[in-house]
Amino acid sequence: MMTDTIRHHLPDDLLMAYAAGSLPEAFSLLVATHLSMCDRCRAAAESYDAVGGALLEDVPEAAMSEASLAATLAMLQAPDPKPARRAKTRDSAFTLPQPLADYAGSRLSDIRWRPVGMGVKQAILRTSRTATARMMHIPPGVAMPDHGHHGMEMTLVLDGAFSDAFGLYRAGDIAVADASVDHVPVATDDKACLCVIAADARLRFNSLIPRLLQPLLRI
Amino acid sequence: MTPETPSSRSAQDLARSARAVEAAPDWEAMILRIRDHQDQAAFAALFRHFAPRVKGFLMKSGAEATQAEECAQDVMATLWRKAHMYDPARASAATWIFTIARNRRIDLLRRERRPEPEDLGWGPEADPPAEDVAVLKQESEILHQALSDLPEAQADLIRQAYFGDLSHREIADRTGLPLGTIKSRIRLALDRLRHAMT
């Protein structure tokens, strides 16, 4: 898709945790979305799946009951539970990768934005409470509110670009920051930056007013 | 673990994996027999081999025996129903079954959705070239052997990361090892695996 232009990829520990199935849902959502945009990371993710397959071969066996095979064959006689087909409606101008569309709606106009000041808009996505996921829309040249974070924060750019002390992040690029990082992402001047962010703890804001707003804005 | 041409491997590795391939039943072909002929004998063979492993995997992850048994049956039923989606050039039978079992575990133990990447839009197509299937099979065998050859301390952490449903931080809490030690052991293990694959 846009795979040739991606410069910032998923680190190995996140790829492995995704393959192992130990990431909170919000982080898995960002990983799956990045994999949909990045062939290189998709191939790496498949090799971590293969590690799981090799381990499965050697896991201590737990005996199945005598009747289990017959019971499973009987299950197969029942009609197939048909999975709901994913809606394929697409905006002509811009489409969200499928894993994200499953949470945010397939059209950009489906997203329920809320203003959070300075022209920045945010939409919280529904995931399990182990971590949060939200989309942000930041006007050209505007900074995300100054923040650090308690835990890990992962940002995936979907459209436009932002830059911080660590570099320039464009569509498909992923930025991972842990609690030690205080950074100020600023959308580049040419167009608005659309991104999706997962965080495993409430963000810690460095100035008082945003901290007071934090419970209201859920950021 | 980037794909490499077979010629870059040592003769010893090739001989070792060739012996293992001869010894192991062709699980991948059995899944294709289910897909093409609803072959119950192939299913029974896969079930006898993999269901106890899936059950063991789920119990290691914290499921009770009864729950793990039901879930292992579910996983094997999914294999039958989704056999048309299996691509032997992308995943070994064990790898594919692992991914099904992992997703069921997330559903079962955490009650969470598991976001998956967008399907590659290649659509239903003819079987992949036999050569690609053979290469994948050989690489899977080398990876399996490389994992068995890891020093125990490294192998143990990899197993915990995959089967214990634990983050590196949780492994640190459980083993009492500093987080840095765990990360570097896992990194070493992955480096060794990559080295084995080239």
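From a predicted model like this one, the values you see are computed outputs, not experimental measurements. Chain naming here is simple, since letters A, B, ... match the order of the sequence lines and numbering starts at 1 in each.
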Of the backbone (N, CA, C, O) and the side chain (C-beta and beyond), which part of [X] lies under 4.5 Å from a heavy atom of chain A, both, or neither?
X	answer
B/R114	side chain
B/A91	neither
B/R53	both
B/F57	both
B/N103	neither
B/S92	neither
B/L58	neither

*A/D102 and B/R113: side-chain contact (heavy atoms from CB on, under 4.5 Å), yes or no, with the steps?*
CA-CA 11 Å; A/D102 288 345; B/R113 281 164 77 182; 3.7 Å; yes
_Pair A/T33, B/E118 - check side-chain contact (heavy atoms from CB on, under 4.5 Å), show working._
CA-CA 8 Å; A/T33 305; B/E118 195 162 317; over 6 Å; no
Which heavy atom of [X] sits nearest a heavy atom of [Y], and at what distance?
X	Y	value
B/M76	A/T72	CB-CG2, 4.4 Å
A/V51	B/L143	N-CD2, 3.7 Å
A/G53	B/A94	O-CB, 3.5 Å
B/P115	A/Y103	CG-OH, 3.5 Å

*Please look at A/A44 and chain B and tell me whether the side chain, the backbone, both or neither of the residue comes under 4.5 angstrom of a heavy atom of that chain.*
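Neither part; nothing is under 4.5 Å.
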Student check: side-chain heavy atoms of [X] and [Y] closer than 4.5 Å:
X	Y	result
A/L73	B/F47	no
A/L69	B/F43	yes
B/H144	A/D58	yes
A/S65	B/E69	yes
B/P117	A/Y18	yes
A/L35	B/E116	no
A/P60	B/M59	no

Spatial distance of atom [atom1] ([X]) from atom [atom2] ([Y]) [nearest 0.5 Å]:
X	Y	atom1	atom2	value
B/T95	A/Y48	OG1	OH	14.5 Å
A/L56	B/Y162	CG	OH	12.5 Å
B/R110	A/S22	CZ	OG	7.0 Å
B/L190	A/M16	CG	CE	6.0 Å

Which residue out of [options] racks up the most heavy-atom pairs below 4.5 Å with chain B?
options	value
A/M75, A/H34, A/M64, A/E46	A/M64
A/T127, A/L29, A/L55	A/L55
A/A19, A/A63, A/S128	A/A19

*Is B/E152 atom CD crowded by more than 12 heavy atoms from other residues, nucleotides or ligands, each under 6.0 Å away?*
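Yes, enclosed.
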*Return yes when atom CZ of A/R170 has more than 12 non-hydrogen atoms of other residues, nucleotides or ligands closer than 6.0 Å, and no otherwise.*
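Atom CZ in A/R170 is not crowded, with 12 or fewer foreign heavy atoms closer than 6.0 Å.
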*Go through the side-chain N and O atoms of B/H49 and A/E57 and say whether any donor and acceptor fall under 3.5 Å apart.*
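Yes, because at least one side-chain N or O of B/H49 sits under 3.5 Å from a partner of the opposite role on A/E57.
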_Stepwise side chain to side chain donor-acceptor pair (under 3.5 Å) test for B/Q73 and A/S68_ = CA-CA 7 Å; B/Q73 291 184 15; A/S68 63; 4.7 Å; no
*asked:* Between A/D49 and B/W96, is the side-chain contact (heavy atoms from CB on, under 4.5 Å) condition met? List the steps.
replied: CA-CA 8 Å; A/D49 284 346; B/W96 194 52; over 6 Å; no
*So which of B/I158, B/I106, B/D74, B/L147 has the largest heavy-atom pair count under 4.5 angstrom toward chain A?*
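Most pairs with chain A among the choices: B/L147.
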